Visitor: 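Have a look at this one before I ask anything.
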Amino acid sequence: MKKIKLSVAALLIAGSSYGQAPQDSVKISKADLQMILIDLDDILSWQQFDIEEAEASGEDAKCGKFEEKWGSNYWLTLMYNKLVTIYNEQD
């Protein structure tokens with residue numbers, strides 16, 4: 001019974017402290033953000049190549065398309081666009 005009480009207490013403490021940090025508490029340097037953008041750009045260009053290859057062979061692209069609003073291509077493009085906005089806002 002003591003173990004259950006300790007476990008419940010630990011879960012309550014962990015649950016109450018989860019997500020308490022302000023949203024802007026995580027800082028990424030502009031250089032690191034630039035590297036992330038380069039990597040995302042590479043991934044998106046590889047996906048674009050895969051999409052074009054799939055279309056040329058008459059198949060469906062498995063990563064979706066941004067215009068269709070589904071798949072990894074859509075979500076990575078949204079992430080890339082948001083990070084570009086953040087990058088341009090940094091001083």
Side-chain angles (χ1 to χ4, degrees):
M1 190 68 167
K2 218 176 209 183
K3 288 183 181 180
I4 292 174
K5 287 182 183 179
L6 287 174
S7 297
V8 170
L11 285 172
L12 287 173
I13 291 169
S16 66
S17 64
Y18 179 75
Q20 295 296 319
Q23 287 185 358
D24 62 349
S25 66
V26 176
K27 301 291 182 191
I28 298 175
S29 70
K30 194 163 186 171
D32 287 341
L33 186 54
Q34 186 176 15
M35 294 307 295
I36 292 169
L37 286 170
I38 290 169
D39 291 341
L40 277 174
D41 190 48
D42 287 343
I43 292 168
L44 287 168
S45 66
W46 298 332
Q47 281 190 341
Q48 186 61 36
F49 177 78
D50 290 344
I51 290 169
E52 290 169 4
E53 288 290 310
E55 287 176 348
S57 64
E59 297 175 15
D60 274 340
K62 305 262 190 274
C63 57
K65 292 182 185 175
F66 182 75
E67 299 80 23
E68 296 172 354
K69 297 186 177 183
W70 72 274
S72 61
N73 185 268
Y74 174 71
W75 294 109
L76 287 172
T77 303
L78 284 181
M79 187 185 317
Y80 179 83
N81 292 340
K82 177 69 174 171
L83 290 174
V84 165
T85 302
I86 292 169
Y87 179 83
N88 290 332
E89 290 173 352
Q90 286 185 347
D91 24 45

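The basis for the numbers below is simple: all heavy atoms, side chains too, and nothing from hydrogens, waters or symmetry mates. Model, not experiment: these values are computed from the prediction.
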Visitor: Name all residues meeting the side-chain contact (heavy atoms from CB on, under 4.5 Å) criterion together with Q34; count only those two or more places apart in sequence or in a different chain, and write none if there are none.
Guide: I38, Y87
Visitor: With sequence neighbours excluded, tell me which residues meet side-chain contact (heavy atoms from CB on, under 4.5 Å) with E53.
Guide: F49
Visitor: Considering only residues two or more places apart or on different chains, which pairs with a residue in residues 34-47 satisfy salt bridge (Lys or Arg N to Asp or Glu O under 4.0 Å)?
Guide: none
Visitor: With a 4.5 Å cut-off on side-chain heavy atoms, are K82 and L78 touching?
Guide: no
Visitor: Could you pull out all residues at least two apart from M79 that satisfy side-chain contact (heavy atoms from CB on, under 4.5 Å)?
Guide: L40, L76, L83
Visitor: With hydrophobic residues grouped by side-chain heavy-atom distances under 4.5 Å, do M35 and V84 end up in a single group?
Guide: no
Visitor: Please list, chain by chain and in numerical order, all residues satisfying salt bridge (Lys or Arg N to Asp or Glu O under 4.0 Å) with E52, sequence neighbours excluded.
Guide: none
Visitor: Does one hydrophobic cluster hold both L44 and L37, with members joined at side-chain heavy-atom distances below 4.5 Å?
Guide: yes
Visitor: How close do I28 and L33 get, counting heavy atoms only, and between which atoms?
Guide: CG2-N, 3.7 Å
Visitor: Which distance, rounded to the nearest 0.5 Å, do you find between the OH of Y80 and the OG1 of T85?
Guide: 10.5 Å
Visitor: With S29, which residues qualify under side-chain contact (heavy atoms from CB on, under 4.5 Å), at least two apart?
Guide: A31, D32
